[in-house]
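We name chains A, B, ... by the order of the sequence lines, and we start the count at 1 in each one. Since we're looking at a predicted model, the values are computed, not measured.
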There are 2 protein chains.
Amino acid sequence: MNDSPRRKELTRLAAQLFVQEGFDRTTVRMLAQEMGIKSGSLFHHFRDKQEILAVVIEEGTQNALALARQALERSDPEPLARLHALARAHLETLLTDRNAHVVALYEWRRLDVEAREHLTHLRDAYEQLWNEVIDDAITAGLVKGERALVARFVLGALNWTVRWYDPDGARQPEQLADELVTMITQRS
Amino acid sequence: MNDSPRRKELTRLAAQLFVQEGFDRTTVRMLAQEMGIKSGSLFHHFRDKQEILAVVIEEGTQNALALARQALERSDPEPLARLHALARAHLETLLTDRNAHVVALYEWRRLDVEAREHLTHLRDAYEQLWNEVIDDAITAGLVKGERALVARFVLGALNWTVRWYDPDGARQPEQLADELVTMITQRS
DNA sequence: ATCAAAACCAAGCAAGCGCTAGTGTAACTG
DNA sequence: CAGTTACACTAGCGCTTGCTTGGTTTTGAT
């Protein structure tokens, strides 16, 4: 189908409900009510319930990928600066576009096979950015460890923030990113 | 209810199904079939479906807590040794008792209020162990950062392993734990 | 003013859901 | 041996689910 503005808005609402209730417990009737239409009308915008999930996750991932690339382009080419930039970009999308990413993290397994394959490619592209940046950081002696493991540990630490981060708290996403980089980099 | 050996076995099977299908998509009929009984008989062992989830998570958490305490008791009292010991214990339970922990991580929100409160206390007790160990590591100058943030980053990195770790791969859980500790500790 | 496309609605189907009621039976317990 | 308990069964109730159908209204370009 298309990507009309109406559909964008519906997707945003769906993401919110999926976070609140979980994908399986969110009924098409709940979705429709939140959108101010009847449950039957929902299938004019989306082929089926699964597609809504796929669209929510796709949009979040595309967004993250775009922001990460932008951040790297604008960054100082020094390995440490790039590491900071990518970590900040990651946390910023994660915590502002939070709903979509929580859904991506928690409901990934509910995607059907085709959607999962498509989105896996997107996610791989995103992780490739991390691999490069971390490779450089290790080569420069900033970080100790194997690339593959470091990347996974770092992404784990960052993604885990959606579980405890309080947006109303005093701390900004950037500060979190800097703290993480501090933790894993060696004193020069 | 009790904690008969039969119930233990049923719990183990339930955990496996919950991981495969997710809690909501796992029907009582599926559970019963996997257990070799009819769906009605299931409610002789568990009050309702929710209770099965609670029991699965409780058992996993109790196990992790016991193992962590044991590991700390046996460990050399040096901060670095304790950090290693706790990380190893964490990954060992996480990856051997994997099903229960995946359920705990993914289906926590499906718990009803009472169960969630009870299990939150258990989890807090577990995290308290981490807080102490990390506090000592920071004081000893092994790790840079704030205690609260370091603990959350480390737990995130460790828990994330359930998403990518391949038990048939060459790497042992202990090695992973050591790699993580290497990454976050400062060269002496 | 016209008319196609887009958006919506009322009604409901077929399937599946968690759970209950009532019964049978074999194994323990006094 | 009578009584109790543990465990399983059959049958199905009441309800919700995702989705379809067939038709109506709204919108916007010409």
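Distance CG (A:Leu53) to P (D:dC19): 12 Å, rounded to an integer number of Å. Atom CD in A:Gln33 sits about 15 Å away from atom P in C:dC8, given to the nearest Å. Counting to the nearest Å, the P atom of D:dG18 and the CG atom of A:Leu31 are 8 Å from each other. Across the protein-nucleic acid pair, A:His45 atom NE2 and C:dA5 atom P stand 17 Å apart, rounded to whole Å. Atom CG in B:Leu42 sits about 13 Å away from atom C1' in C:dT20, given to the nearest Å. In this structure, B:Phe46 places its CZ atom 11 Å from P of D:dA8, rounding to the nearest Å. Nucleotide D:dC9 holds its P atom 14 Å from the CZ atom of B:Phe43, rounded to whole Å. The separation between A:Glu51 atom CD and D:dG18 atom C1' is 14 Å, rounded to whole Å.
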Show me the donor-acceptor pairs, under 3.5 Å and distance only, between side chains in residues 21-40 of chain A and residues at least two apart or in other chains.
from    : atom 1 : to       : atom 2 : distance (Å)
A:Asp24 : OD1    : B:Arg25  : NH1    : 2.8
A:Asp24 : OD2    : A:Arg110 : NE     : 3.3
A:Arg25 : NH1    : B:Asp24  : OD1    : 2.9
A:Thr26 : OG1    : A:Leu17  : O      : 3.4
A:Thr26 : OG1    : A:Gly22  : O      : 2.6
A:Thr27 : OG1    : A:Arg29  : N      : 3.4
A:Thr27 : OG1    : A:Met30  : N      : 3.0

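For A:Arg12, the salt bridge (charged side-chain N to carboxylate O under 4.0 Å, His left out) partners are A:Glu9, not counting sequence neighbours. For A:Ala89, the side chain to side chain contact (heavy atoms under 4.5 Å, CB included) partners at least two apart in sequence or on another chain are A:Ala71. In this structure, B:Pro77 has no side chain to side chain contact (heavy atoms under 4.5 Å, CB included) partners at least two apart in sequence or on a different chain. Partners of A:Glu92 according to the side chain to side chain contact (heavy atoms under 4.5 Å, CB included) rule, which considers only residues two or more places apart in sequence or in another chain, are A:Glu174. Every residue was checked against the side-chain hydrogen bond (donor to acceptor under 3.5 Å, both in side chains) condition with B:Glu127, not counting sequence neighbours, and none meets it. Under the side-chain hydrogen bond (donor to acceptor under 3.5 Å, both in side chains) criterion, B:Arg82 pairs with no residue at all, not counting sequence neighbours.
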Contact letters for nucleotides 23-29 of chain D, in which S counts primed atoms plus P, OP1 and OP2 and B counts the base, heavy atoms under 4.0 Å: -------
Quick one: what's the B/S/- string for nucleotides 10-17 of chain D, heavy-atom cutoff under 4.0 Å, read 5' to 3'? B-B----B
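Here A:Arg47 does not reach the OP1 or OP2 of D:dT20: none of its side-chain N or O atoms lies under 4.0 Å away. Side-chain N/O atoms of A:His44 include none lying less than 4.0 angstrom from OP1 or OP2 on C:dC9.
Here the side chain of B:Ile37 is nearest to one of D:dC9, D:dC19, D:dC7, namely D:dC9.
Proximity of the aromatic rings of A:Tyr126 and A:His90 is defined here by a centroid distance below 6.0 angstrom, and this criterion is met.
Look at A:Glu51 and A:Arg7 and you find a salt bridge, because one of the NZ, NE, NH1 or NH2 atoms lies within 4.0 Å of a carboxylate O, short of that distance.
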